[in-house]
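In what follows, chains are A, B, ... by sequence order, proteins preceding strands, each numbered from 1.
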Number of protein chains: 2
Amino acid sequence: MFMESTDIRERRRPGARKDPEADRLILETAHRLLRELGYDRLTMDAVAREAGVARTTVYRRYKDKADLVSAAIDTLRMPARRSSSGDVRRDLVAQLDSVRRNYGVSLAGTLLMEEPYNPRLLELFRERMVTPQRGIVAETIRHGIERGEIRPDVDVERILDLLLGAFFAAVFAGGRPGPDWPEAIIDALWPALAARQARRL
Amino acid sequence: MFMESTDIRERRRPGARKDPEADRLILETAHRLLRELGYDRLTMDAVAREAGVARTTVYRRYKDKADLVSAAIDTLRMPARRSSSGDVRRDLVAQLDSVRRNYGVSLAGTLLMEEPYNPRLLELFRERMVTPQRGIVAETIRHGIERGEIRPDVDVERILDLLLGAFFAAVFAGGRPGPDWPEAIIDALWPALAARQARRL
DNA sequence: TTTTTACGCTACGGTCTGTAGCGCTACAAA
DNA sequence: TTTGTAGCGCTACAGACCGTAGCGTAAAAA
């Protein structure tokens, strides 16, 4: 006979459980402060205080600030806006406007700055936000190619650089651009995308 | 008669002079560390130490870190590369490659993050770097229009957003791009710029 | 000489990070 | 029930960084 004490199923260790409510509050607070403040200005103290727990409770779950922020980034989700209005041009304008309205410059910027010291953070951000974002736009472009609205020989990755980067350049040059900006960008880029060379009005 | 003591020419005040050598060393060190580290990771202590002066000597010249960094940004100068190879397309590739090789992502990024707290820093950066940078490219484009190589109805500001922003998008997506990248970007954008619709090979 | 200023130094209060240890409580095993 | 383990909140701490204050000393003008 075998002793039941060596049961393969993990025997629950003694002692109190980590409060799942605290888990949730800490992660949600970190997520919010990360979006509001970026990496640098998020403080462990503020997370603990606004989550209503002691600072040490945060450190019991995450070994340091980078670890906490990693977990918070991991909960970021790019809303998969499958935009299929039937008009590629309009889809692109809508997607660019979504970037314009929602993109967290603080977060993106600080993670980029932290890259030499905490490469994992930017890596995660790419995985969760940048790559999905590019994927959505790429899909729209490929959709346009299939339907003959976009020339088939475009360099999709470079078009993504141009389109999505334009937002950063605009912010740098003069702050977050206005609501007319996305359409102006697509107008300017369109001849590089359009399958048929439409004459201007 | 008027008393000569109210002489308009400033009477030199008594006491020791501020060491001009210290002036120079502090500003040069701040400039260098700013480019290497960005705003956040530049510390007053490191500036003082590497300039070989006491920390208080720095504070006697600049009231705080933002003040010192402002002065350092003020010494940034965009090298006015008047590129006139006679070929607009090649000029644009060269200018984009200059951005690719030289652009300080740390500096730009951290200043952008500091904007809500120290708007003056980003302002100065725009004045010294962003605006001149855009000006150079804009001039190249207008030059191309005059010579009939670029369509006259382009939205120059939006083209600048697209061109210069592409660099940021590329960095975000996967790190500083390689030497072939600038040409690929111009290739991708060219149909939106070219006056005559050249058929692809 | 007297006064004013720069310099380097030390010390301080404040914020932030990350660690250690204290009572107390919750929970599982003996 | 007793015993051992672990979470929680709290306080204290070392270390980095910011910005300020005051000291003795040296330099420069009145």
**OP:** For B:Arg17, report the nucleic acid contact type (base, sugar-phosphate, nothing); a contact means any heavy atom under 4.0 Å.
**Re:** sugar-phosphate
Which whole-number value in Å describes the distance from [X] [atom1] to [N] [atom2]?
| X | N | atom1 | atom2 | value |
| --- | --- | --- | --- | --- |
| A:Asn118 | C:dT17 | CG | P | 13 Å |
| B:Arg55 | D:dA21 | CZ | C1' | 12 Å |
| B:Lys18 | D:dA28 | NZ | P | 15 Å |
| B:Ile26 | C:dC7 | CD1 | C1' | 11 Å |
| A:Arg49 | D:dG9 | CZ | P | 15 Å |

Original post:
Distance only, no hydrogens: is a donor on one side chain within 3.5 Å (strictly under) of an acceptor on the other, for A:Gln95 and A:Thr140?
Top reply: yes
For [range], which residue pairs pass the side-chain hydrogen bond (donor to acceptor under 3.5 Å, both in side chains) check, not counting sequence neighbours?
| range | answer |
| --- | --- |
| residues 156-166 of chain A | A:Arg134-A:Glu157, A:Arg134-A:Asp161, A:Arg158-A:Asp161, A:Asp161-B:Trp181 |
| residues 164-173 of chain B | none |
| residues 52-65 of chain A | A:Asp23-A:Arg61 |

**OP:** Could you list by number each residue of residues 56-70 of chain A showing a heavy-atom separation from DNA chain D of less than 4.0 Å, or answer none if no residue does?
**Re:** A:Thr56, A:Thr57, A:Arg60, A:Arg61
Original post:
With sequence neighbours left out, what residues match A:Arg35 under salt bridge (charged side-chain N to carboxylate O under 4.0 Å, His left out)?
Top reply: none
**OP:** Tell me which residues in residues 35-48 of chain A put a heavy atom below 4.0 Å from DNA chain C, sorted by number, or none.
**Re:** A:Leu42, A:Thr43, A:Met44, A:Asp45
**OP:** Decide yes or no on ring pair (Phe, Tyr, Trp, His ring centres under 6.0 Å) for A:Phe168 and B:Phe172, but give the supporting numbers first.
**Re:** CA-CA 11 Å; A:Phe168 291 102; B:Phe172 253 104; 5.1 Å; yes
Original post:
Closest approach of A:Ser70 and A:Arg120, non-hydrogen atoms and distance?
Top reply: OG-CG, 4.4 Å
Subject >> Check: B:Asn102 side chain, B:Ser98 main-chain N or O, donor-acceptor pair, under 3.5 Å >> reply: yes
Original post:
Any idea which of C:dC7, D:dA6, D:dA27 is nearest the B:Ala16 side chain?
Top reply: D:dA27
